[in-house]
Amino acid sequence: MRQEWFDEARFGMFAHFGVYSVAARHEWVQSYERLTDEEYRQYADHFDPDRFDARAIARRAKETGMGYVVLTTKHHDGFCLFDSALTDFTSQHTCGRDLVREFVDAVRAEGLEVGLYHSLIDWRHPDFTVDWNHPRRDDENAAALNEGRDMARYREHLHGQVQELLTQYGQIDYLFFDFTYPEERDGWAGKGPEDWNADDLLAMCRELQPDMLVNDRLGIPADFVTPEQYQPTAPLVDANGVPQVWEACQTLNGSWGYHRDNTDQKSPALLVQMLADSVSMDGNMLLNIGPDGRGAIAPRDARTLDAIGEWMLLHRDAIVGAGHAEFTPPREGVYTRRGDRLYLHLFSWPLGFVHLPDLGGKVSFARLLNDGSWLKTSVTDPEQQASHMTPAGEAEGTLTVHLPVQRP
Ligand code: FHN
């Protein structure tokens with residue numbers, strides 16, 4: 001599989017869109033509120049994404065400095081944003097649009113990599129066995145609820161839909177399966193990789209889309225791991241100490257699907273810090289938007305993406321194609337490195353001297369990346385090979401240190 005683009009891009013857009021966007025209170029609303037299929041169907045019957053503009057979404061991702069975009073093809077509620085022959089609970093059957101087709105065409109037109117999200121869970125399918133996250137879970141008559149349900153038949157459905165996505169929409173660069181949960185909860189069994197027949201499903205992905213990256217949520221090793229809504233504290237390695245390819249997926253406000261009343265919007269400064277932090281540990285960040293019930297990017301999300309895009313316009317070189325630097329950063333920030341360029345991301349203006357790493361006591365040039373303005377450094381003791389950076393010193397050396405910080 002092609003991993004170079006993933007390591008280069010460092011930054012992608014996640015888009016959670018579906019009939020839960022009409023409910024506008026969480027993509028798990030059917031489970032949280034124990035809605036029956038009939039109660040939930042009302043959202044599908046009124047699903048009219050007249051403002052879903054895939055090209056506008058792809059363009060905004062590009063303007064935000066993102067290199068790939070990932071759209072939910074189906075979430076746990078079973079509603080498909082593509083024209084599946086295996087169910088009528090789709091956007092094609094409701095609003096007459098194959099939104100995945102529109103999406104892949106738009107992302108390619110913008111020159112970005114195409115990512116699809118596909119839920120392993122499907123609360124609507126009659127053979128998906130009831131478990132701890134299913135809307136029908138009912139402690140009183142668990143056995144009766146699962147009578148007649150056949151996970152083997154569900155696996156055929158799951159593999160069949162993945163085959164539709166990987167054969168009918170051209171080259172797919174990235175696939176985010178979601179999610180495997182083998183642990184029991186409240187007396188209900190979870191779902192392990194064997195429930196998906198994960199090995200065969202992954203083998204089919206390799207056969208149909210050899211260059212496609214697949215995540216770790218089949219519950220078996222694949223191409224990248226997916227810490228969710230938290231930042232690792234060091235570059236990730238596997239049990240054998242081998243560095244892992246990883247991508248942290250983050251929301252803008254704690255909700256993946258559009259949540260009308262959610263006011264927990266993360267600031268652009270925090271999100272930029274999380275992005276730089278991920279890259280400083282050789283990771284990617286996948287930042288989520290939840291288009292609203294008509295398919296539009298909510299104004300508050302658009303404003304956040306615009307602010308990040310402005311920062312990326314000036315600091316792209318410190319993120320795209322950059323990665324971990326072997327130096328210990330000062331307390332105020334992190335380092336990223338791209339070739340012979342070292343970037344110090346200061347998340348707060350230094351409290352005093354900034355001690356540069358041991359670069360042979362030499363720094364070729366130091367500047368603020370946002371405006372190219374020169375920063376003086378002073379080498380107080382060449383023998384210590386330590387450099388101090390203040391607005392008052394002088395610099396020469398072997399590495400250019402770019403400081404992508406805004407002046408207070
Ligand atoms: O249950 C889903 C959740 O709704 C969302 O899609 C996230 C995105 O990574 N994945 C699962 C929770 O881990």
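When a ligand or atom number is given, it counts from 1 through the structure's own listing order. We count residues from 1, following the sequence as given.
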- Query: Which residues pass the side chain to side chain donor-acceptor pair (under 3.5 Å) test with Glu194, sequence neighbours left out?
  - Reply: none

- Query: Crowded around Glu326 CD? As in, over 12 foreign heavy atoms under 6.0 Å?
  - Reply: yes

- Query: Among pairs that include at least one residue of residues 72-86, which meet salt bridge (Lys or Arg N to Asp or Glu O under 4.0 Å), considering only residues two or more places apart or in two chains?
  - Reply: Lys74-Asp122

- Query: How are the rings of Tyr117 and Phe176 set to each other: parallel, tilted or perpendicular (split at 30° and 60°)?
  - Reply: parallel

- Should the ring pair His76 and Trp123 be called parallel, tilted or perpendicular, given that the plane angle runs from 0 to 90° and is split at 30 and 60? perpendicular

- Note on the structure: For residues 235-245, the side chain to side chain donor-acceptor pair (under 3.5 Å) pairs (sequence neighbours left out) are none

If you look at each N/O of ligand 1, which protein N/O atoms lie under 3.5 Å away, and at what distance?
residue	atom	partner	partner atom	Å
ligand 1	1 (O)	Trp28	NE1	2.8
ligand 1	1 (O)	His76	NE2	2.7
ligand 1	4 (O)	Glu27	OE2	2.6
ligand 1	4 (O)	Trp28	NE1	3.1
ligand 1	4 (O)	His75	NE2	3.1
ligand 1	6 (O)	His16	NE2	2.7
ligand 1	6 (O)	His75	NE2	2.8
ligand 1	6 (O)	Tyr117	OH	3.4
ligand 1	6 (O)	Asp178	OD2	3.2
ligand 1	9 (O)	Arg217	NH1	3.2
ligand 1	9 (O)	Glu228	OE1	2.8
ligand 1	10 (N)	Asp178	OD1	3.3
ligand 1	10 (N)	Asp178	OD2	2.6
ligand 1	10 (N)	Arg217	NH1	3.4
ligand 1	13 (O)	Arg217	NH1	3.4
ligand 1	13 (O)	Glu228	OE1	2.8
ligand 1	13 (O)	Glu228	OE2	3.1

